[in-house]
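One structure is given here, and the rest of the page talks about it.
Letters A, B, ... mirror the listed sequences (proteins, then strands); counts begin at 1. These figures come from a predicted structure and were not determined experimentally.
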2 protein chains.
Amino acid sequence: MLTPRDENNEGDAMPMLKKPRYSSLSGQSTNITYQEHTISREERAAAVGRHEGFRGCTIWFTGLSGAGKTTISFALERTLNKLGIPCYGLDGDNIRHGLCKNLGFSKEDRQENIRRVAEVAKLFADSGMICLAAFISPFQEDRLDARKIHESENVKFIEVHVSTTLEVCEQRDPKPSELYKKARAGQILGFTGIDSAYEPPENAEIILDAGKDGVQQCVQKVLDHLESKGLLPEQIPDVPAVRELFVSDDLTVAELLKESQNLPTVELTKVDLQWLQVLAEGWATPLSGFMRERQYLQSMHFGQLLDLKHKVAFVGEKSDDKEDSWPMMDDINQSIPIVLPISDDVKKGLEGVTRIALKYNGQVYAILSDPEIFEHRKDERVCRQFGTNDPRHPAVAQVLESGNWLLGGDVAVVQKIQFNDGLDKYRKTPNELRAIFAEKNADAVFAFQLRNPIHNGHALLMRDTREKLLAEHKNPILLLHPLGGWTKDDDVPLDIRIKQHEAVIAERVLDPEWTVLSIFPSPMMYAGPTEVQWHARSRIAAGIQHYIVGRDPAGIQKPGSPDALYETTHGAKVLSMAPGLSALHILPFRVAAYDKTAKKMSFFDTSRKEDFENISGTKMRGLARNGDTPPEGFMAPTAWEVLAGYYKSLQNSN
Amino acid sequence: MLTPRDENNEGDAMPMLKKPRYSSLSGQSTNITYQEHTISREERAAAVGRHEGFRGCTIWFTGLSGAGKTTISFALERTLNKLGIPCYGLDGDNIRHGLCKNLGFSKEDRQENIRRVAEVAKLFADSGMICLAAFISPFQEDRLDARKIHESENVKFIEVHVSTTLEVCEQRDPKPSELYKKARAGQILGFTGIDSAYEPPENAEIILDAGKDGVQQCVQKVLDHLESKGLLPEQIPDVPAVRELFVSDDLTVAELLKESQNLPTVELTKVDLQWLQVLAEGWATPLSGFMRERQYLQSMHFGQLLDLKHKVAFVGEKSDDKEDSWPMMDDINQSIPIVLPISDDVKKGLEGVTRIALKYNGQVYAILSDPEIFEHRKDERVCRQFGTNDPRHPAVAQVLESGNWLLGGDVAVVQKIQFNDGLDKYRKTPNELRAIFAEKNADAVFAFQLRNPIHNGHALLMRDTREKLLAEHKNPILLLHPLGGWTKDDDVPLDIRIKQHEAVIAERVLDPEWTVLSIFPSPMMYAGPTEVQWHARSRIAAGIQHYIVGRDPAGIQKPGSPDALYETTHGAKVLSMAPGLSALHILPFRVAAYDKTAKKMSFFDTSRKEDFENISGTKMRGLARNGDTPPEGFMAPTAWEVLAGYYKSLQNSN
């Protein structure tokens with residue numbers, strides 16, 4: 001149900017008063033309160049023209065007083081502005097006070113009013129803006145004139161009938177004006193719907209039932225129409241769509257599986273399969289498969305995807321002009337390559353083939369088409385990706401040990417990627433997470449990337465972040481998102497971490513009402529500033545707007561040294577500047593330590609340093625192995641038990 | 001002298017005919033020919049909003065019929081559009097046919113006409129556009145009203161008096177309308193300037209003497225005013241300005257030199273000095289000095305300059321908000337860091353200082369201010385910049401042997417950087433080169449980066465490139481631009497190369513009419529795909545639009561291997577995709593070899609491979625050492641003598 005704004009600012013809603021005023025060149029429209037536009041000039045200017053192409057047109061809202069025309073048109077203006085589409089609203093505010101201030105409310109003057117508005121709207125549309133005109137405009141003839149003014153000069157005119165019934169409008173009768181009441185009482189004459197006719201449009205492009213549908217639904221309907229007419233950029237940059245690579249219908253899956261029996265096969269490693277999952281579920285939207293050389297070079301040299309063309313032609317050579325049809329409206333951050341290494345032998349077997357089956361453990365997971373094989377320049381790659389080629393770095397070693405070639409190409413994924421380890425229920429795709437957040441009525445989602453057990457300091461940080469977000473949001477939801485792909489041997493394994501996280505939530509250290517625990521399928525790379533961008537960017541697919549980052553994200557010890565490999569501030573610094581992440585708010589990770597006085601984890605306070613004790617991972621492991629418990633308030637007790645059990649079992653197995 | 005367009009499309013220029021028509025709501029303005037705007041909607045849309053910031057305002061052109069109002073306003077519209085500034089023109093065309101078609105030419109109607117135009121102009125200005133209104137608007141009162149309409153809502157109104165005298169206007173009296181003639185003959189009544197007064201503005205912001213000045217001068221005057229009011233972006237993105245860091249006036253230089261006596265000093269290496277020259281002359285525009293950590297990280301991770309803020313703050317920390325005022329309109333490619341390494345000892349001496357003298361060989365070259373010292377993570381840097389950390393790579397070695405810290409900060413350069421090696425006359429700055437190209441009436445400049453002797457195959461390529469450019473340009477000029485900074489020991493030294501190039505030009509193998517030989521001051525890095533971007537991007541400062549690239553640009557042998565270090569196609573591929581180079585046309589380097597049949601260098605033809613012989617550098621050096629001459633047509637004979645002499649002297653000194 002739409003609750004309209006006070007609509008007494010609608011120029012042509014102004015009724016003829018009992019003593020009709022004389023319309024003259026010096027005549028003044030009275031009884032019109034001037035209302036500021038809800039979008040400032042600065043906001044408009046920031047939005048103007050983020051997209052290419054001419055989309056000038058006029059959207060003409062007609063309907064009874066109180067129907068919701070202005071409310072919808074203002075909401076639409078805000079949305080278009082967000083999308084970077086230049087638009088400008090005409091309504092009683094800026095028309096009756098200015099251009100039409102010398103018109104009264106006689107039939108002739110009302111006609112002239114509409115005509116002038118239509119002429120001005122046409123000029124705005126001609127200038128390349130979407131012009132939003134919201135006027136009762138009760139007469140079919142006048143609206144047809146307005147249309148003709150546009151169409152005779154080849155300017156698109158979109159009539160929107162806001163068809164809220166008289167009953168609903170009269171019920172609303174917004175204060176303080178209460179125009180319907182006055183009209184019923186005979187204090188106003190010639191009021192549309194009461195004693196003056198409203199002629200509903202016969203050929204309106206859009207009919208909005210704003211008596212039933214909410215504002216956002218109405219706006220969506222207009223957006224859908226604009227989109228169908230090619231007037232919108234195909235993708236909404238602020239709410240990027242998720243590109244899943246799953247084949248959705250069973251028949252096609254069956255056909256592909258049949259086809260795969262005759263295709264050459266590439267056997268995936270577990271890490272390859274994890275990357276396939278990342279791609280399939282849309283975490284790396286808009287990638288359509290494993291990177292071709294073109295996107296690989298873009299990622300290596302610029303940390304971005306710049307386009308989705310297939311071939312990177314040598315200067316002067318012809319390109320094949322193949323290009324993925326997914327729209328690229330904005331910079332896409334892509335600091336890490338997502339590639340499929342293959343060996344010399346596998347490459348030999350793929351010469352001249354156009355489609356390839358990707359298998360893991362004998363099962364077909366995907367068909368790769370339009371393959372491109374290019375050199376896996378491993379030493380150069382690790383240098384650029386990790387800033388080191390030290391083979392003692394476990395992820396660097398993984399790359400250096402992989403195949404000499406990279407196989408790029410589009411993938412069609414024929415089955416959900418699961419691991420049957422009891423944790424698949426936590427493996428939510430970005431779209432599934434979006435649905436969960438919507439169901440929870442989240443109006444903000446903040447993500448916490450982790451690959452370690454949660455102590456109460458972390459929980460404090462997350463609760464504190466939520467408190468801060470509550471200043472501007474009603475229901476911020478936490479995406480507690482442990483990384484679930486490959487990690488180095490001495491990290492705590494995924495199953496233990498999940499049990500530990502479950503215990504933290506069960507003890508309500510993190511409130512299950514606003515916490516969503518899910519597994520992020522990506523393998524770990526320990527690539528510091530390069531990787532943290534991936535951690536943030538990939539979560540955008542799940543609909544997050546806030547990402548928490550601290551010191552040395554995705555960091556690792558420098559091999560053979562006690563120092564960190566990456567400068568510990570670089571991750572957050574690079575993340576804060578990275579192209580393609582402007583939609584994301586980067587939130588600081590505040591460091592908490594054990595507060596011996598308060599007997600709980602508190603944010604570190606330099607003024608009473610001596611009260612704080614840092615309980616390091618090493619210390620924690622020592623306590624666990626010895627069967628000791630950490631200080632009260634360090635970690636939820638049942639969560640501690642999970643960890644203690646794990647470390648004990650490790651000790652036993654050693 | 002301004003030759004105006006036919007101005008009979010000026011709405012309010014329309015005179016009252018002898019039989020005054022009745023002004024009614026259905027009245028039609030007659031005698032008005034509709035004229036298409038000179039800028040299409042698509043062109044406008046492409047320009048809309050390339051720049052941030054609100055610059056909505058109205059520029060109101062007033063003046064006699066034939067004064068040049070419309071001509072100037074159209075030219076201004078085109079210029080603003082080129083600059084990416086959204087604007088829209090109102091004039092008789094789009095007003096008299098539409099909004100004001102129900103107005104005649106009575107005094108009252110003329111007033112109302114101007115009022116409506118002013119109201120619409122205000123709306124456009126409010127929407128963020130620059131609105132150009134060109135109307136005779138002869139009466140001071142009406143124009144004051146138009147101003148009030150704007151200023152009462154805080155919208156800028158700029159009145160431009162196009163003050164062409166009646167005599168000039170009447171002389172012009174554009175056909176076919178010949179309105180002045182008709183007015184003089186009494187066929188038209190109430191014609192402004194003849195039998196109706198023109199009241200010149202008393203407080204016009206701008207007065208244009210379009211009877212004397214040309215259109216472009218008039219447009220420039222308006223642009224200057226807009227700029228002074230902060231309504232223009234300061235930099236024109238299509239013709240980027242060069243940012244020199246030289247201190248221009250002698251007095252300041254003297255003061256700085258005096259100050260430097262009391263400043264801490266950093267002694268530059270020769271390579272540092274070469275980088276200082278690069279910065280000082282503006283090759284790295286818009287850098288204001290040696291990179292701070294912020295720009296260093298941008299360069300390392302994204303191959304670009306993203307902004308010119310000083311500090312890169314850790315998330316959650318306060319930034320000092322210092323930002324360089326140079327406008328950053330577009331992506332700036334910056335694939336390589338330009339930094340000043342200092343040792344631990346030098347760093348110790350700089351604690352707490354705010355200004356530092358940069359010296360070379362005891363002479364002060366620059367003052368560095370607002371210094372920032374950050375860690376020179378050398379191994380990480382060479383990995384990211386070179387894709388290798390092999391110390392056998394001579395430029396990698398240079399970095400690895402340099403200081404552990406980087407000193408960033410703004411530099412004010414107090415003297416031209418010269419080397420007194422007899423070659424300084426070839427060291428032209430970007431601005432000097434621009435002046436030379438302008439003097440030669442170049443309408444296209446193509447650059448050839450080289451660090452080797454020129455054989456006739458190169459010359460063939462350059463002549464061929466010029467021929468190709470002649471299809472679209474009248475006078476393409478070649479910037480023959482040998483790199484003059486540090487090179488590895490076994491490259492041919494600069495002085496020999498320049499002598500060799502001089503000989504090639506003296507023999508007119510390259511035509512001196514269209515060849516400009518100049519030295520590019522940058523040191524060499526042999527960083528392949530990363531460096532070729534720098535080679536192309538830096539030359540934009542000199543005003544080039546075309547850059548020639550071939551296989552393995554800025555390449556080097558892989559240490560300890562006969563192979564190239566970089567994949568030989570990557571350079572051109574990366575260059576063709578690199579952000580911030582969209583203004584540049586990348587031209588292919590066509591390979592020429594010695595054609596034994598034709599006895600000259602020809603472009604390699606695969607259909608008659610056997611006719612071609614590749615004369616490698618090794619073979620060439622062998623011939624030179626043995627006192628042999630290469631095959632006829634391989635190289636200009638006097639140029640060969642230079643080389644032969646060099647290699648012989650090398651042999652003797654060994």
With a 4.5 angstrom heavy-atom cut-off, could you sort out which part of [X] is near chain A: side chain, backbone, both or neither?
| X | answer |
| --- | --- |
| Thr530(B) | both |
| Gln385(B) | backbone |
| Ala118(B) | neither |
| Arg590(B) | neither |
| Arg384(B) | both |
| Thr568(B) | backbone |
| Leu565(B) | backbone |
| Phe386(B) | backbone |
| Ile149(B) | neither |
| Glu119(B) | side chain |
| Arg381(B) | neither |

Who among [options] has the most heavy-atom pairs with chain A under 4.5 Å?
| options | answer |
| --- | --- |
| Met577(B), Glu317(B), Lys309(B) | Met577(B) |
| Glu375(B), Gln304(B), Gln298(B), Arg294(B) | Arg294(B) |
| Gly550(B), Pro579(B), Gly56(B) | Pro579(B) |
| Ala572(B), Ala313(B), Gly303(B) | Ala572(B) |
| Leu587(B), Val549(B), Asn389(B) | Asn389(B) |
| His301(B), Arg551(B), Glu380(B) | His301(B) |

Do [X] and [Y] have a side chain donor and acceptor closer than 3.5 Å?
| X | Y | result |
| --- | --- | --- |
| Asn102(A) | Glu112(B) | yes |
| Asn333(A) | Gln533(A) | yes |
| Ser152(A) | Lys148(A) | no |

Set of residues satisfying ring pair (Phe, Tyr, Trp, His ring centres under 6.0 Å) with respect to Phe314(B), sequence neighbours excluded: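 Partners of Phe314(B) by the ring pair (Phe, Tyr, Trp, His ring centres under 6.0 Å) criterion come out as none, since no residue qualifies.
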Suppose we screen for ring pair (Phe, Tyr, Trp, His ring centres under 6.0 Å). Which residues come up paired with His570(A), at least two apart in sequence or across chains?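 Partners of His570(A) by the ring pair (Phe, Tyr, Trp, His ring centres under 6.0 Å) criterion come out as none, since no residue qualifies.
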Specify which of [options] makes the most heavy-atom pairs with chain B at under 4.5 Å.
| options | result |
| --- | --- |
| Val117(A), Val382(A), Ile586(A) | Ile586(A) |
| Val120(A), Thr388(A), Val574(A) | Val574(A) |
| Leu123(A), Asp307(A), Leu306(A) | Leu123(A) |
| Ala578(A), Gly387(A), Pro588(A) | Gly387(A) |

Set out, in order, the CA-CA distance, both residues' side-chain angles and the distance that settles salt bridge (charged side-chain N to carboxylate O under 4.0 Å, His left out) for Asp464(A) and Lys468(A), then state yes or no. CA-CA 6 Å; Asp464(A) 180 66; Lys468(A) 291 209 164 69; 2.9 Å; yes
Whether Tyr88(A) and Phe124(A) hold their rings parallel, tilted or perpendicular, with breakpoints at 30° and 60°: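 Ring orientation, 0 to 90° scale: parallel.
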Sole candidate of Ile95(B), Leu103(B), Leu90(B) that passes side-chain contact (heavy atoms from CB on, under 4.5 Å) when paired with Arg116(B):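 Option passing the side-chain contact (heavy atoms from CB on, under 4.5 Å) with Arg116(B): Leu103(B).
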Can Glu567(B) and Arg377(A) be counted as an ion pair, charged N to O under 4.0 angstrom?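 Result for this pair is no, no salt bridge flagged.
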On a heavy-atom basis, which atom in His376(A) and which in Trp405(A) lie closest, and how many Å separate them?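 Shortest heavy-atom contact: CB-N, 3.6 Å.
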At their closest point, which heavy atom of Leu297(B) faces which heavy atom of Lys573(A), and how far apart are they?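 The pair with the smallest heavy-atom distance is CD1-CB, 4.1 Å.
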Chain B contact via Leu575(A) - which portion, at a heavy-atom distance below 4.5 Å: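 Interface part for Leu575(A): neither.
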Above 12 or not: heavy atoms from other molecules or residues under 6.0 Å from NZ of Lys156(A)?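 No.
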Glu108(A) side chain vs Arg110(A) backbone, donor-acceptor pair below 3.5 Å: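 No, the answer is negative, given that no donor and acceptor are paired below the 3.5 Å cut-off.
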